[in-house]
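This report refers to the structure that appears directly beneath it.
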Protein chains: 2
Amino acid sequence: MEIAKAFGIVLKKYRTNKGFSQEKLALMCNLDRTYIGLLERAQRQPSLTTIFKICKVLEVRPSEFINEIENIIHQHKK
Amino acid sequence: MEIAKAFGIVLKKYRTNKGFSQEKLALMCNLDRTYIGLLERAQRQPSLTTIFKICKVLEVRPSEFINEIENIIHQHKK
DNA sequence: CACCACCGATGACTATAGTCGGTCGAAGCT
DNA sequence: AGCTTCGACCGACTATAGTCATCGGTGGTG
């Protein structure tokens, strides 16, 4: 389980929990529609500021978001 | 207070606490010597995997690292 | 059927992350 | 006076983040 994959899983989880489409989330984050899709499919690695942008819109603390990524990685390590 | 600046502050704090030079940290992370300096001077934004690489070497959970960034940002907001 | 919202995917592009090799100055030590 | 370690800084490079326009597929609904 790589980091990008874990990020994509957590991103999709928070996005769908909010009921946002990829396009709506992208608009709210000032990001491109296709880029959100790329992130969820683990074909891009976000930068620090992009993580903060997305977390703000999804109303989750970045540290909590990252914490979930760590959990997924560790739980897949064995 | 921008995100990159807060990241630089936290990075330098953890690095010096470990007693590492920029160059030694870079070697241990498989990153470039000058790049660590750029991060500390807030002239670069790390990607997600770079954050995880650095945190592993500094023996800190990424979520804890990010949490400190959030604290610095919020405390400088007013 | 047609239309719609949503998403996957692609190619080409611009902006920036990250590398490499080097110079420089400050501080410490002999 | 040298020598060394550290970090700031530079110019030029390669790799990748992030944008944009577009096409296609799927599932729902009138």
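Every chain is numbered from 1 and lettered A, B, ... according to where its sequence line falls, protein lines coming before strand lines.
- Between the CD1 atom of I54(B) and the C1' atom of dA17(C) there is a distance of 12 Å, given to the nearest Å.
- Remark on DNA chain D: of its neighbouring residues K53(A) and T16(B), the 5'-side contact belongs to T16(B), judged by nearest-heavy-atom nucleotide.
- In this structure the side chain of Q45(A) never reaches within 4.5 angstrom of the side chain of F7(A), judged on heavy atoms.
- Atom CD of Q43(B) and atom C1' of dT19(C) are 16 Å apart (whole Å).
- L58(B) and L27(B) fall into different hydrophobic clusters, where Ile, Leu, Val, Met, Phe, Trp and Tyr side chains are chained together by heavy-atom contacts under 4.5 Å.
- Between the CZ atom of F7(A) and the C1' atom of dA17(D) there is a distance of 12 Å, rounded to whole Å.
- Taking 4.0 angstrom as the limit, R15(B) places a side-chain polar atom (N or O) nearer than this to OP1 or OP2 of dG7(D).
- N30(A) places its CG atom 10 Å from the P atom of dC20(D), with the value rounded to the nearest Å.
- Within 4.0 Å of T34(B), counting heavy atoms only, lies at least one base atom of the nucleic acid.
- Counting to the nearest Å, the P atom of dA5(C) and the CZ atom of F20(A) are 18 Å from each other.
- To the nearest 0.5 angstrom, R33(A) atom CZ is 13.0 Å from L25(A) atom CG.
- More than 12 heavy atoms of other shown residues, nucleotides or ligands fall within 6.0 angstrom of atom NZ in K53(A).
- Between the CG atom of L31(B) and the P atom of dT16(D) there is a distance of 14 Å, rounded to whole Å.
- Residue Q45(B) is classed as a sugar-phosphate contact, given heavy-atom separations below 4.0 Å to backbone atoms only.
- The phosphate of dT19(C) has neither OP1 nor OP2 within less than 4.0 Å of any side-chain N or O from R33(B).
- As rounded to whole Å, 9 Å separates atom C1' of dG8(C) from atom CG of L38(A).
- Between the CZ atom of R41(A) and the P atom of dC6(C) there is a distance of 17 Å, given to the nearest Å.
- Checking dG8(C), dC20(D), dA8(D) against the side-chain heavy atoms of Q22(A) singles out dG8(C) as nearest.
- A parallel orientation is assigned to the rings of F65(B) and Y14(B), their planes being inclined by less than 30° (bins at 30° and 60°).
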